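These numbers were taken from a predicted model, which means no experiment stands behind them.
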Amino acid sequence: CERENNMVRKKPKELVMHTFDKYEVWWTDHISHNEWKTITDAKKDKPAIAFTEGYLLQKTKDAHTFFMSISEDEIGEEMIICNKNIKKIKKIGTRDFLVKEFVYDNY
């Protein structure tokens, strides 16, 4: 009994449903215009620089796939960025999504 009293009680290990790395990504995006302009002005146009912050779902030889929202085994707000368009990418963390966090009655 004395040994039991001296032991530190640990919380049960949380069940992890998913683990994803979170990234900030700066990338070039296509631009199109539907207004009339001179050829001289049109030659000055450039692609846009865009910013995305999201969880990395997968990386292939062609693209990175990110998502911003998750509900159990479904994702929302998916963003697929071609690797050749990525200007800067920075890992900003890792997140475990716990089974208990997706239980409606826990909130």
Side-chain angles (χ1 to χ4, degrees):
C1 282
E2 186 175 322
R3 182 177 171 203
E4 288 180 19
N5 290 336
N6 291 332
M7 291 177 59
V8 176
R9 293 190 181 190
K10 294 182 179 180
K11 291 183 181 179
K13 184 174 172 136
E14 301 289 352
L15 294 176
V16 176
M17 184 177 284
H18 304 287
T19 300
F20 292 104
D21 294 330
K22 191 171 187 180
Y23 286 84
E24 293 179 344
V25 187
W26 290 95
W27 54 284
T28 55
D29 196 6
H30 306 288
I31 296 289
S32 67
H33 299 285
N34 63 355
E35 73 271 0
W36 286 89
K37 60 173 78 175
T38 67
I39 292 172
T40 302
D41 286 342
K43 287 181 177 181
K44 296 175 187 174
D45 291 341
K46 293 185 167 106
I49 296 293
F51 174 82
T52 296
E53 181 177 289
Y55 295 98
L56 181 64
L57 180 64
Q58 71 174 355
K59 176 183 174 183
T60 67
K61 66 179 183 66
D62 298 315
H64 284 66
T65 302
F66 298 95
F67 67 90
M68 290 67 177
S69 299
I70 186 169
S71 179
E72 295 188 31
D73 284 331
E74 296 181 338
I75 60 161
E77 303 170 81
E78 180 183 17
M79 174 66 74
I80 301 167
I81 304 172
C82 292
N83 292 337
K84 63 185 175 183
N85 288 21
I86 294 175
K87 296 297 185 183
K88 180 179 176 183
I89 186 167
K90 177 182 175 187
K91 183 177 171 183
I92 58 174
T94 299
R95 170 75 152 81
D96 289 334
F97 291 92
L98 306 177
V99 171
K100 73 177 188 176
E101 293 175 307
F102 295 101
V103 177
Y104 183 82
D105 291 334
N106 284 344
Y107 295 92

- Query: For the residue pair E72 and H18, what are the closest heavy atoms and their distance?
  - Reply: O-NE2, 2.8 Å

- More than 12 heavy atoms of other residues, nucleotides or ligands under 6.0 Å from CD of E74: is that the case? no

- Any M79 side-chain heavy atom under 4.5 Å of T65 side chain: no

- Query: NZ of K43 to NZ of K37: how many Å apart, nearest 0.5 Å?
  - Reply: 13.5 Å

- Do other residues, nucleotides or ligands put more than 12 heavy atoms under 6.0 Å from H30 NE2? no

- Message: Please give me the minimum heavy-atom distance between A63 and I80, naming the atom from each residue.
- Response: CB-CG2, 3.8 Å

- Around atom NZ of K59, are there more than 12 heavy atoms of other residues, nucleotides or ligands at under 6.0 Å? no

- Euclidean distance, Y23 OH relative to T94 OG1, rounded to 0.5 Å: 7.5 Å

- Give a yes or no on whether the backbone of K61 and the side-chain of N83 come within a donor-acceptor separation of less than 3.5 Å. yes

Per-pair distances, 0.1 Å, donor-acceptor, side chain in residues 46-57, under 3.5 Å, sequence neighbours excluded:
residue : atom : partner : partner atom : Å
T52     : OG1  : W27     : NE1          : 3.0
E53     : OE2  : K22     : NZ           : 3.3

- Query: Which is it for H64 and V25 under the side-chain contact (heavy atoms from CB on, under 4.5 Å) test, yes or no, and what are the steps along the way?
  - Reply: CA-CA 10 Å; H64 284 66; V25 187; over 6 Å; no

Kindly list each side-chain donor-acceptor pair under 3.5 angstrom involving residues 95-107, sequence neighbours excluded, with atom names and distances?
residue : atom : partner : partner atom : Å
R95     : NH1  : E101    : OE1          : 3.2
R95     : NH2  : E101    : OE2          : 3.4
D96     : OD1  : T19     : OG1          : 2.6
K100    : NZ   : E14     : OE2          : 3.2
E101    : OE1  : L98     : N            : 2.7
N106    : ND2  : K100    : O            : 2.6
Y107    : OH   : E101    : O            : 3.0

- Carefully, step by step, assess K84 and D62 under the rule salt bridge (Lys or Arg N to Asp or Glu O under 4.0 Å). CA-CA 8 Å; K84 63 185 175 183; D62 298 315; over 6 Å; no

Using a 3.5 Å cut-off and no angle test, enumerate the donor-acceptor pairs between side-chain atoms of residues 85-93 and protein atoms at least two apart in sequence or in another chain.
residue : atom : partner : partner atom : Å
N85     : ND2  : T28     : O            : 3.1

